[in-house]
Colleague: 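Please find one structure pasted underneath; my questions will follow.
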Amino acid sequence: MSKKIFSGVQPTGNLHLGNYLGAIKNFVELNNEKENNCIFCVVDLHAITVKQDKDQLKKNIYETAATFIASGIDPYKSIIFNQSKVSAHTEFSWILSCMTPMGWLNRMTQFKEKAGKDKEKASIGLYIYPILMASDILLYDATHVPVGDDQKQHLELTRDIAQKFNKDFNCEDFLKVPEPLIKTNFSRIMSLKDGQKKMSKSDPSNLSRINLTDSKDAIINKIKKAKTDSFPIPDEEQKLKDRPEAKNLLGIYSSVSNQTLGKTLNEFDGKNFSDLKSRLAEILSDKISPISNEIKKLMDDHKYIEDILLEGANKADEIAEKKMKEIKNIIGF
Ligand code: AQP
């Protein structure tokens with residue numbers, strides 16, 4: 001059955017292995033299924049929920065689009081565009097904001113994590129970020145949304161918002177209730193320095209993540225320095241319960257080699273972390289280096305990326321504007 005896919009990545013720099021294994025790798029597989037219609041968005045309006053430097057933001061928008069293409073998304077099959085070029089996203093987001101109870105947003109754990117202790121100083125945009133995300137998805141009647149495990153709660157909120165809109169305006173099935181597509185095989189990649197923290201673009205330590213633009217030497221060095229513990233690799237998953245760093249490295253290995261954690265444990269049972277680390281560095285650089293080389297090549301051709309983004313925005317705008325007209329009609333505007 002054909003799927004309508006929508007997903008986005010923020011152009012906040014330092015795209016990393018977590019973004020790749022949790023989301024982009026899945027985008028490529030969905031792009032490759034002939035019958036799917038996919039839209040992959042560089043969500044620049046989401047990026048400005050925290051302060052951005054103008055020139056850096058521009059570079060990051062290009063780099064995110066380049067990463068999609070370098071990872072294997074075909075820009076002539078799937079739509080690639082940046083969110084700020086299609087005004088329906090913000091317009092619909094306002095409408096959805098007017099019908100989303102604050103209580104629903106207050107439950108969002110990502111806002112609590114990102115706002116930190118001083119939440120009075122966090123932007124309203126950061127607080128209502130999940131409503132903009134809902135509008136991104138619902139405008140395109142997406143049936144499936146590939147995301148990392150950390151976005152699961154936002155997607156549940158999107159589903160609730162769609163159902164509430166359909167009920168409030170008595171228009172059953174008008175907004176499609178999307179299904180999340182979350183990889184079961186290790187969908188949350190943790191920091192290489194702290195197995196309790198998500199690998200993230202904004203972590204001040206560059207050693208905490210493998211960037212998709214890292215060289216082979218940088219990957220080897222980061223894996224060598226990744227935190228582990230002093231016990232040998234066990235034979236069963238349960239024995240990794242209180243060993244987050246060990247579990248993370250073994251999980252990354254499993255995800256990159258497309259095999260279960262059980263199979264990886266069989267492969268390394270009783271061995272030392274130095275064995276795992278040297279194999280992991282090898283398979284990671286085999287996977288990441290071609291992507292990183294292609295990103296660099298594409299970044300030297302801004303015109304090509306600009307053309308892809310423009311063509312994508314035109315196509316996306318046509319779909320979104322049609323939906324906006326129907327939405328306005330339903331509301332009574
Ligand atoms: N560590 C991760 N493991 C698995 N999936 C991840 N994703 C992000 N981090 C991990 C998934 O990548 C997609 C794009 O994420 P995003 O850039 O839109 O936002 P984010 O989740 O806020 O990413 P970061 O790296 O944590 O950025 P900062 O540091 O700026 O907050 C999403 O599908 C996400 O699930």
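Whatever order the structure lists them in is the order used to number ligands and atoms, beginning at 1. Just so it is clear, the values below take in all heavy atoms, side chains as well, and ignore hydrogens, waters and symmetry mates.
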Colleague: For ligand 1, which is the ligand I care about here, please tell me if Y129 has any N or O atom under 3.5 Å from one of the ligand's N or O atoms.
Modeller: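 In fact, backbone or side chain, Y129 has no N or O that close.
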Colleague: Could you list which atoms of ligand 1 come closer than 4.0 Å to a heavy atom of K114?
Modeller: 22 (O), 28 (P), 31 (O)
Colleague: Return the closest protein heavy atom for atom 16 (P) of ligand 1 as residue, atom name and distance.
Modeller: K201 NZ, 3.5 Å
Colleague: Are any of the N or O atoms of V43 closer than 3.5 Å to those of ligand 1?
Modeller: no
Colleague: Is the shortest N/O to N/O distance between R188 and ligand 1 below 3.5 Å?
Modeller: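 No, there is no polar N/O contact under 3.5 Å.
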Colleague: Would you mind checking which non-hydrogen protein atom is closest to atom 35 (O) of ligand 1, with the distance to 0.1 Å?
Modeller: D150 OD1, 2.5 Å
Colleague: Can you tell which of N19, L155, V145 gets a heavy atom nearest to atom 7 (N) of ligand 1?
Modeller: N19
Colleague: To which of V147, I189, T12 does the heavy atom nearest atom 1 (N) of ligand 1 belong?
Modeller: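 Nearest option to atom 1 (N) of ligand 1, by heavy atoms: I189.
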Colleague: Give the ring-plane orientation class for F27 versus F68, where under 30° counts as parallel, over 60° as perpendicular and anything between as tilted.
Modeller: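 Ring orientation of F27 relative to F68: perpendicular.
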Colleague: Could you tell me whether the side chains of T264 and Q259 share a donor-acceptor contact shorter than 3.5 Å?
Modeller: yes
Colleague: I need the contact type for S202 against ligand 1. Using non-hydrogen atoms and a strict under-4.0 Å cut-off, is it side chain, backbone, both or neither?
Modeller: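 Contact part for S202 vs ligand 1: both backbone and side chain.
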Colleague: Would you tell me whether T143 and E179 have side-chain atoms, one donor and one acceptor, within less than 3.5 Å of each other?
Modeller: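 No, E179 and T143 have no side-chain donor paired with an acceptor closer than 3.5 Å.
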Colleague: Where does the angle between the aromatic ring planes of Y140 and F6 fall among parallel (under 30°), tilted (30 to 60°) and perpendicular (over 60°)?
Modeller: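 It falls in the parallel class, under 30°.
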Colleague: Are the charged groups of D307 and K303 less than 4.0 angstrom apart, N to O?
Modeller: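 Salt bridge flag = yes for K303 with D307.
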Colleague: Would you say R209 contacts ligand 1, with heavy atoms under 4.0 Å as the rule?
Modeller: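 No, R209 has no heavy atom closer than 4.0 Å to ligand 1.
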Colleague: Going by distance only, is there an N or O of K198 that falls short of 3.5 Å from an N or O of ligand 1?
Modeller: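 Indeed, backbone or side chain, K198 has an N or O that close.
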Colleague: Based purely on interatomic distance, does G148 place a nitrogen or oxygen under 3.5 Å from a nitrogen or oxygen of ligand 1?
Modeller: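 Yes, G148 has an N/O under 3.5 Å of an N/O on ligand 1.
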Colleague: Report yes or no: do N82 and D44 form a side-chain donor-acceptor pair below 3.5 Å?
Modeller: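 Present: a donor and an acceptor within the cut-off.
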Colleague: Any ion pair linking D118 and K121 (charged N to carboxylate O, less than 4.0 Å)?
Modeller: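 Yes, charged N to carboxylate O under 4.0 Å.
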Colleague: Give yes if a backbone or side-chain nitrogen or oxygen of G18 is under 3.5 Å from a nitrogen or oxygen of ligand 1, and no if not.
Modeller: yes
Colleague: Which distance, rounded to the nearest 0.5 Å, do you find between the NZ of K201 and the CD of Q10?
Modeller: 5.0 Å
Colleague: If the plane angle is over 60° it's perpendicular, under 30° parallel, otherwise tilted; pick one for Y127 and F111.
Modeller: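 It falls in the perpendicular class, over 60°.
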Colleague: May I ask you to identify, for M190, whether its side chain, its backbone, both or neither come under 4.0 Å of ligand 1 on a heavy-atom basis?
Modeller: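 For M190, no heavy atom sits under 4.0 Å from ligand 1.
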Colleague: Starting from atom 4 (C) of ligand 1, locate the nearest protein heavy atom and write down its residue, its atom name and how far away it is, to 0.1 Å.
Modeller: S187 O, 3.1 Å
Colleague: Counting N and O atoms only, with roles assigned by atom type, does the side chain of S208 sit under 3.5 Å from a partner on the main chain of D203, one being a donor and the other an acceptor?
Modeller: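 No.
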Colleague: If we set the cut-off at 4.0 Å for heavy atoms, which region of H16 has an atom near ligand 1: side chain, backbone, both, or neither?
Modeller: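 The side chain, only.
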Colleague: Specify the protein heavy atom at minimum distance from atom 18 (O) of ligand 1: its residue, its atom name, and the distance to 0.1 Å.
Modeller: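 So the nearest neighbour among protein heavy atoms is Q10 N, 3.2 Å.
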